[in-house]
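Remember, it's a predicted structure, so these values are computed and weren't measured experimentally.
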Amino acid sequence: MAKIRLEHIYKRYGKVTAVKDFNLETEDGEFVVFVGPSGCGKTTTLRMIAGLEDITEGKLYIGDRLVNDVPPKDRDIAMVFQNYALYPHMNVYENMAFGLRLRRVPRDEIDRRVKEAARIIKIDHLLNRKPRELSGGQRQRVAMGRAIVREPKVFLFDEPLSNLDAKLRVEMRAEISKLQRRLGVTTIYVTHDQVEAMTLGQRIVVMKDGEVLQVDTPLNLYDFPETKFVAGFIGSPSMNFIRTRVQVEGGNAYFVGEGFKVKANQTLGASLMPYNGKEVWMGIRPEHIGLKGWTTVPEGENVIKGRVEVVEPLGADTEVHADVAGHMMTAKVDGHALVRTGDTVELLVDTSKLHAFEVEGNEKAIGHATVKDSRSVARV
């Protein structure tokens, strides 16, 4: 195992800067996920760690060793690719053993490692099959097995589940998580899927346009996003944002929009006081909005009226998309709620879950209705 440290890493292609001032230090055995939209620089950063892309500027350490100029084969890393990258003419056993043979590992040691890895990832019955005889999930397991037999200091995963169907992605997420905990190998995992990031990562690196916007635990990213972009990217469905004006009355702060006035709680209100009379984004997640008559959210100065545009039944929950003064708001409500397209509904905002963001510049967080708990640390 080994720590990974990136210090002021840049990657430039001519005049285009793909990665800007990337800084990160992982813990030994930590599972870190890079997440962000396509083109944000997450795969480029992963490839620099692997040695597949040159670093334009900055320093990269694996353990205590500076590896900027170290070839990929000498970095003691193993990478799992999106497209599996299996040799079609070799069977599963040969695919998994190939890298070890190149390193002149003794034959009995190769046999031990391959069979042990195959047992761990439950493909020991597939060792004689060719890749064309395997399903997508089985091929991905083989690719993982090939990485495991290397017994590397670092695992690198580049969107390994993107070619699988939804059900299989869920199953493989659980398998990867269990495998990483069992082996205890430092792991960096790249994905554009924030659900994958939230379920797998002990810490998550949120990227946009080549820059790191926030590095934190999944729970802290969800509860305390530092920018409007992070708030909207983390969570499914995405956080709702309504452009409002702050109004301070009688020592309380209110979000005032067209046809509604929502009172901020004391914690968020204190952050909003300097913004009296100014425009801000009010943020609230769909799961923190109730539907009058179908919710336990108490009614008070938190009612917003809207017209239902779309209803999406999901079984246990129903997602209701309503037009609120030109803004679309999504509420995740009881699956048995009686609501139809065209209805005028009263949405009840849980004021203990509100967020506020600036409307200019990087749209940084002004404040949150909850207070960060010192126990909100990475899962071990």
- Task: Could you go through the side chain to side chain contact (heavy atoms under 4.5 Å, CB included) check for Glu196 and Val33 one step at a time?
- Result: CA-CA 9 Å; Glu196 271 184 35; Val33 178; over 6 Å; no
- Message: Please find the pair of heavy atoms, one from Ser177 and one from Leu200, that lie closest to each other, and give the distance.
- Response: CB-CD2, 3.8 Å
- Taking all atoms of both residues into account, what is the closest heavy-atom pair of Pro160 and Val190, and its distance? CD-O, 4.3 Å
Atom pairs and distances, donor-acceptor, side-chain atoms in residues 61-69, under 3.5 Å, two or more places apart:
{"unit_1": "Arg65", "atom_1": "NH1", "unit_2": "Asp74", "atom_2": "O", "d": "2.9"}
{"unit_1": "Asn68", "atom_1": "OD1", "unit_2": "Leu60", "atom_2": "N", "d": "2.9"}
{"unit_1": "Asn68", "atom_1": "ND2", "unit_2": "Gly58", "atom_2": "O", "d": "2.8"}

- Query: Between atom OG1 of Thr44 and atom CD1 of Ile9, what is the distance when rounded to the nearest 0.5 Å?
  - Reply: 12.5 Å
- Query: Any side-chain heavy atom of His368 sitting closer than 4.5 Å to one from Asp223?
  - Reply: no
- Query: Where do Met96 and Val142 land on the side chain to side chain contact (heavy atoms under 4.5 Å, CB included) test, with the steps shown first?
  - Reply: CA-CA 7 Å; Met96 293 174 64; Val142 175; 4.2 Å; yes
- Note on the structure: Residue pairs meeting side-chain hydrogen bond (donor to acceptor under 3.5 Å, both in side chains), one or both in residues 226-240, sequence neighbours left out, come to none
- Mind checking the CD1-CD1 spacing from Ile242 to Ile284? Nearest 0.5 Å is all I need. 10.0 Å
- Item | pair Arg340-Val311: side-chain heavy atoms closer than 4.5 Å | no
- Item | Within one Ile-Leu-Val-Met-Phe-Trp-Tyr cluster: Tyr275 and Leu268, side-chain cutoff 4.5 Å | yes
- Task: For Val35 and Phe233, run side chain to side chain contact (heavy atoms under 4.5 Å, CB included): C-alpha distance rounded to whole Å, both residues' side-chain angles, the deciding distance at 0.1 Å, then the answer.
- Result: CA-CA 9 Å; Val35 69; Phe233 196 83; 3.5 Å; yes
- For Glu151, the option from Arg146, Arg112, Arg103 that meets salt bridge (Lys or Arg N to Asp or Glu O under 4.0 Å): Arg112
- Message: Using a 4.5 Å cut-off between side-chain heavy atoms of Ile, Leu, Val, Met, Phe, Trp and Tyr, which other residues end up in the same hydrophobic cluster as Phe98?
- Response: Tyr87, Met90, Leu102
- Task: Indicate yes or no: at least one non-hydrogen side-chain atom of Val349 is less than 4.5 angstrom from one of Phe255.
- Result: no
- Item | Glu258 CD: over 12 foreign heavy atoms closer than 6.0 Å | no
- Message: When you compare the side chains of Gln180 and Tyr189, does any donor N or O come within less than 3.5 Å of an acceptor on the partner?
- Response: no
- Non-hydrogen atoms of Pro152 and Ala78 that approach each other most closely: CG-CB, 3.6 Å
- Item | Where Thr45 and Met207 come nearest, the two heavy atoms and their spacing | OG1-CE, 3.9 Å
- Answer yes when Glu363 and Arg243 have at least one side-chain N-carboxylate O distance shorter than 4.0 Å, and no when they do not. no
- Can you see which heavy atom on Ala50 is nearest to which on Pro72, and at what distance? O-CB, 3.4 Å
- Query: For the atom pair CD (Glu159) and CD (Gln82), what is the distance rounded to the nearest 0.5 Å?
  - Reply: 5.5 Å
- Message: Per the salt bridge (charged side-chain N to carboxylate O under 4.0 Å, His left out) rule, what does the pair list look like for residues 82-100, sequence neighbours excluded?
- Response: none
- Query: Sequence neighbours excluded, which residues qualify as side-chain contact (heavy atoms from CB on, under 4.5 Å) partners of Ile121?
  - Reply: Ile123, Arg141, Ile148, Leu179
- Query: At what distance, to the nearest 0.5 angstrom, does OG1 of Thr191 lie from CZ of Phe34?
  - Reply: 12.5 Å
- Rounded to the nearest 0.5 angstrom, the CG-OH distance for Asn302 and Tyr254 is 11.5 Å
- Task: Return yes if some donor-acceptor pair links the side-chain N/O of Gln138 with the main-chain N/O of Ser135 below 3.5 Å, else return no.
- Result: yes
Using distance only, find each side-chain donor-acceptor pair of residues 286-293 under 3.5 Å and give its atom names and separation, not counting sequence neighbours.
{"unit_1": "Glu287", "atom_1": "OE2", "unit_2": "Tyr222", "atom_2": "OH", "d": "2.5"}
{"unit_1": "Lys292", "atom_1": "NZ", "unit_2": "Glu299", "atom_2": "OE2", "d": "3.4"}
{"unit_1": "Lys292", "atom_1": "NZ", "unit_2": "Glu346", "atom_2": "OE1", "d": "3.0"}

- Item | Heavy-atom closest contact (Tyr13 atom, Ala18 atom, distance) | CE1-CB, 3.7 Å
- Any pair counted as side-chain hydrogen bond (donor to acceptor under 3.5 Å, both in side chains), so long as it reaches residues 121-133, sequence neighbours left out: none
- What residue pairs, at least two apart or across chains, pass side-chain hydrogen bond (donor to acceptor under 3.5 Å, both in side chains) with a residue in residues 321-333? Glu312-His321, His321-Thr330
- Hey, is the main chain of Asp350 close enough, under 3.5 Å, to the side chain of Ser352 for a donor-acceptor pair? no
- Hphob cluster co-occupancy, Met328 + Phe260, side-chain heavy atoms under 4.5 angstrom: no
- Message: Counting only heavy atoms from other residues, nucleotides and ligands, does the tally under 6.0 Å from CG of Asn362 exceed 12?
- Response: no
- Hey, are the side chains of Arg307 and Glu309 touching, using non-hydrogen atoms and a 4.5 Å cut-off? yes
- Message: Do Ile304 and Met282 make a side-chain contact, defined as non-hydrogen atoms from C-beta onward lying under 4.5 Å apart?
- Response: yes
- Task: Please collect all salt bridge (charged side-chain N to carboxylate O under 4.0 Å, His left out) contacts where either partner lies in residues 48-63, sequence neighbours excluded, each pair once.
- Result: Lys11-Glu53, Arg12-Glu57, Arg47-Glu53
- Got a sec, which hydrophobics cluster with Met239, joining ILVMFWY side chains under 4.5 Å apart, including via others? Phe241, Trp281, Phe357, Val359
- Message: Within the structure provided, determine whether Thr244 and Val246 are in side-chain contact (heavy-atom separation under 4.5 Å).
- Response: no
- What's the verdict on side chain to side chain contact (heavy atoms under 4.5 Å, CB included) for Asn91 and Leu127, showing C-alpha distance, side-chain angles and the deciding distance? CA-CA 7 Å; Asn91 64 22; Leu127 291 176; over 6 Å; no
- Item | Any donor-acceptor pair under 3.5 Å from Gln214 side chain to Phe224 backbone | yes
- Message: Check whether Asp158 reaches the backbone of Leu156 with its side chain - one donor and one acceptor, N or O, closer than 3.5 Å.
- Response: no
- side-chain contact (heavy atoms from CB on, under 4.5 Å) partners for Thr267, two or more places apart: Asn265, Val371
- Is the shortest heavy-atom distance from the side chain of Thr56 to the side chain of Val19 under 4.5 Å? no
- Query: Taking only residues two or more places apart in sequence or in another chain, which ones pass side chain to side chain donor-acceptor pair (under 3.5 Å) with Arg119?
  - Reply: Glu116
- Between the main-chain N or O of Phe155 and the side-chain N or O of Arg150, is there a donor-acceptor pair closer than 3.5 Å? no
- Decide yes or no for Leu24 and Val212: does some side-chain heavy atom of the first lie under 4.5 Å from some side-chain heavy atom of the second? no
- Item | Partner of Arg139 under side chain to side chain contact (heavy atoms under 4.5 Å, CB included), chosen from Asn83, Leu86, Leu164 | Leu86
- Query: Ignoring hydrogens and geometry, is there a side-chain-to-backbone donor-acceptor pair from Asp343 to Val345 under 3.5 Å?
  - Reply: no
- NZ on Lys42 to NE2 on His192, rounded to 0.5 Å: 7.5 Å
